[in-house]
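Take a look at the structure below.
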Amino acid sequence: MIFLKRRRLVFWLVKAYLKKWRRTAVFFFLVGLLFFFAIRFFSSYFANKLPFVRKDVIGIVGAYTIDNLPSEILTKISRGLTYTSENGLPKPDTALSWEIKDDGKTYIFKLKDNIYFTNGDKLNSESINYDFIDVLEERSDKSTIVYKLKESYSPFLTTVSRPIFKGNFVGLGDYKVKNIKLNGNFVQSIDLVSKENEYKIISYQMYPTEEALKIAYNLGEITKANGLTNTSYKDLDFKNYKNSDVKKYVDKNTLVTLFYNTQDPVLSDKKLRDAFTYATPDNFSYGERSYGPFSSRFWGNSNTISEYQQDFEHSKKFLEAPEGQDESNSKIKVEIKALSKYKDVALDLKDIYKNIGIEISVSIVDSFPQNFQIFLGDFSVPKDPDQYTLWHSNQGNNITKYINLRIDKLLEDGRKTVDIGSRQTIYSDFEKYLLDDSPATFLYFPYKYDVSRK
């Protein structure tokens, strides 16, 4: 009975308290709620504007999964056993040194002693897992890892330049992954934070097209637009924006190329392919001219480019009809299928090749065509001079259907030869004979542009 009276007393007291102070309680509840959302808004919108917070929002074009992020991101969050210098030579990165045995079948790496993951764990041989197929791994101690290959493979030193990760993208770089946002299987955005300064943040946003990237920059969604092929937007040019900086550079990873179908009844004629090569201009406004499959600074380059500079008279000689043949019936008509991003290049070449009497028709395609006479596209230039998959006669990626046993042998030897000097001789010969046979005409490394707000 006493218990029930006490409950009623507490109930009346609470009721009386609420009746007297309910307006004040509701007021402070609403103030607290507004304060909570204000704090969230402040942290998400204004935090990066504070002087001690630096946040770059970078937009790039491409469809990427977590397994194929662009190197621009990967190199920020981790490092490999080696890295590749500007001229293509492998250099030590997290590896202190290496030793090659068994004619290039065994690679022994000694690790540096002061390398740490972004979670604080020290790098050792047990934390390196590249998941190579048909490669035996041995770890004699925590600072040594040994790879035993079934066959000699000299580009292996470049292969291990791939960044090393533990679970959940824990790497060895200057940044660690803070957040990844996915759209299905594709990365929509990825946020990186400096391991030295938590207020230094880089957010990468992925866009499906360059047009979408430019719109995002103009709307202020991003502070930088990286990898643009041009700086124009509608009737404007980013170079004329007062609040923007434009950085121009040469993309040495991509080589724009005319690929000839060497099995085509017309393009199987080496003389015709030579005629195209010698009629091609020495300069392109779209990029840095390249006469061969390597950059001019690459250690495998043969330095024979002067032999293939534009010469219309020399080009026309390859098209002269054999003695006794009526030249009036020897008009050459060829089709170029070009990726849409190289439409202007194709039209320029069409006009240029008129100078040697070749009639060109241009078709625009969105991807690599299965059937073509000439394909205007590009290929990713490997870090190592090994281009086995592109030019060896038994490779599916040999889109020109090119067959040359001498080239095959050079490519095979280049993969098995460890000595850099010997490899340089091999790839110089490879380039020389490849250019002489003209299964393709190499055009340029494209200019790219990074646009950022001041």
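A perpendicular orientation is assigned to the rings of Trp391 and Tyr402, their planes being inclined by more than 60° (bins at 30° and 60°). Using the six-membered ring where Trp is involved, Tyr130 and Tyr147 have ring planes that are tilted, between 30° and 60° apart. Using the six-membered ring where Trp is involved, Tyr286 and Phe284 have ring planes that are tilted, between 30° and 60° apart. The aromatic rings of Phe379 and Phe442 stand perpendicular to each other, their planes meeting at an angle above 60°, with 30° marking the opposite boundary.
Leu172 is listed as a side-chain neighbour of Thr94, based on a closest heavy-atom distance under 4.5 Å. Between Tyr116 and Asp121, the closest side-chain pair of non-hydrogen atoms is not below 4.5 Å. No side-chain heavy atom of Ile201 sits under 4.5 Å from any side-chain heavy atom of Asp56.
Within a 6.0 Å sphere centred on NZ of Lys416, other residues, nucleotides and ligands contribute 12 heavy atoms or fewer. Atom CG of Asn243 sits in a crowded spot, with more than 12 heavy atoms from other residues, nucleotides or ligands closer than 6.0 Å. Other residues, nucleotides and ligands place more than 12 heavy atoms under 6.0 Å from the NZ atom of Lys252. Asn394 CG: more than 12 foreign heavy atoms inside a 6.0 Å radius. Under a cut-off of 6.0 angstrom, the local environment of CG in Asp366 is sparse, with at most 12 non-hydrogen atoms contributed by other residues, nucleotides or ligands. Residue-environment remark: CG (Asn168) stays at or below the threshold of 12 foreign heavy atoms within 6.0 Å. For NZ of Lys166, the number of neighbouring non-hydrogen atoms (other residues, nucleotides, ligands) closer than 6.0 Å is greater than 12. Summarising the local packing, NZ of Lys112 is surrounded by more than 12 heavy atoms from other residues, nucleotides or ligands at distances under 6.0 Å.
Note that Lys248 lies in the cation-pi zone of Tyr447, set by a 6.0 Å cut-off to the ring centre and a 45° limit from the axis. Geometrically, Arg79 does not engage Tyr83 in a cation-pi contact, judged by NZ or CZ lying under 6.0 Å from the ring centre and within 45° of the ring axis. At least one test fails for Arg415 against the ring of Tyr153: distance under 6.0 Å to the centre or angle within 45° of the axis.
Using a cut-off of 4.0 Å between Lys/Arg side-chain N and Asp/Glu carboxylate O, Lys214 and Glu210 are scored as salt-bridged. A salt bridge is absent between Arg273 and Asp269: the closest approach of a Lys/Arg side-chain nitrogen to an acidic carboxylate oxygen does not fall below 4.0 angstrom.
Listed for the Asp93 side chain is no donor-acceptor partner under 3.5 Å among the backbone atoms of Leu81. A donor-acceptor contact shorter than 3.5 Å is absent between the side chain of Thr106 and the backbone of Asp102. Distance alone, capped at 3.5 Å, is enough to place a donor-acceptor pair between the Ser290 side chain and the Gly292 backbone.
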Between Asp436 and Lys432, is a salt bridge (Lys or Arg N to Asp or Glu O under 4.0 Å) present by the stated rule, with each step listed? CA-CA 6 Å; Asp436 182 66; Lys432 180 174 64 176; over 6 Å; no
Does the side-chain hydrogen bond (donor to acceptor under 3.5 Å, both in side chains) test come out yes or no for Tyr342 and Asp378, once each step is laid out? CA-CA 10 Å; Tyr342 300 128; Asp378 56 49; 2.6 Å; yes
Please assess Asp384 against Arg423 for the test salt bridge (Lys or Arg N to Asp or Glu O under 4.0 Å), listing each intermediate value before the final yes or no. CA-CA 11 Å; Asp384 187 270; Arg423 291 193 80 205; 2.8 Å; yes
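Note: Phe156 and Phe132 meet the aromatic proximity criterion, with ring centroids under 6.0 Å apart. Checked against the 6.0 Å centroid criterion, the rings of Phe117 and Phe165 do not qualify as a close aromatic pair.
Contact record, Pro446 with Thr254: CD-O, 3.1 Å, taken as the closest heavy-atom pair. Residues Thr229 and Tyr449 share a closest heavy-atom pair of O-CE1, 3.6 Å. The nearest pair of heavy atoms linking Pro90 to Trp98 is O-CH2, 3.8 Å.
Side chains of His392 and Gln387: a donor-acceptor N/O pair is absent below 3.5 angstrom, by distance only.
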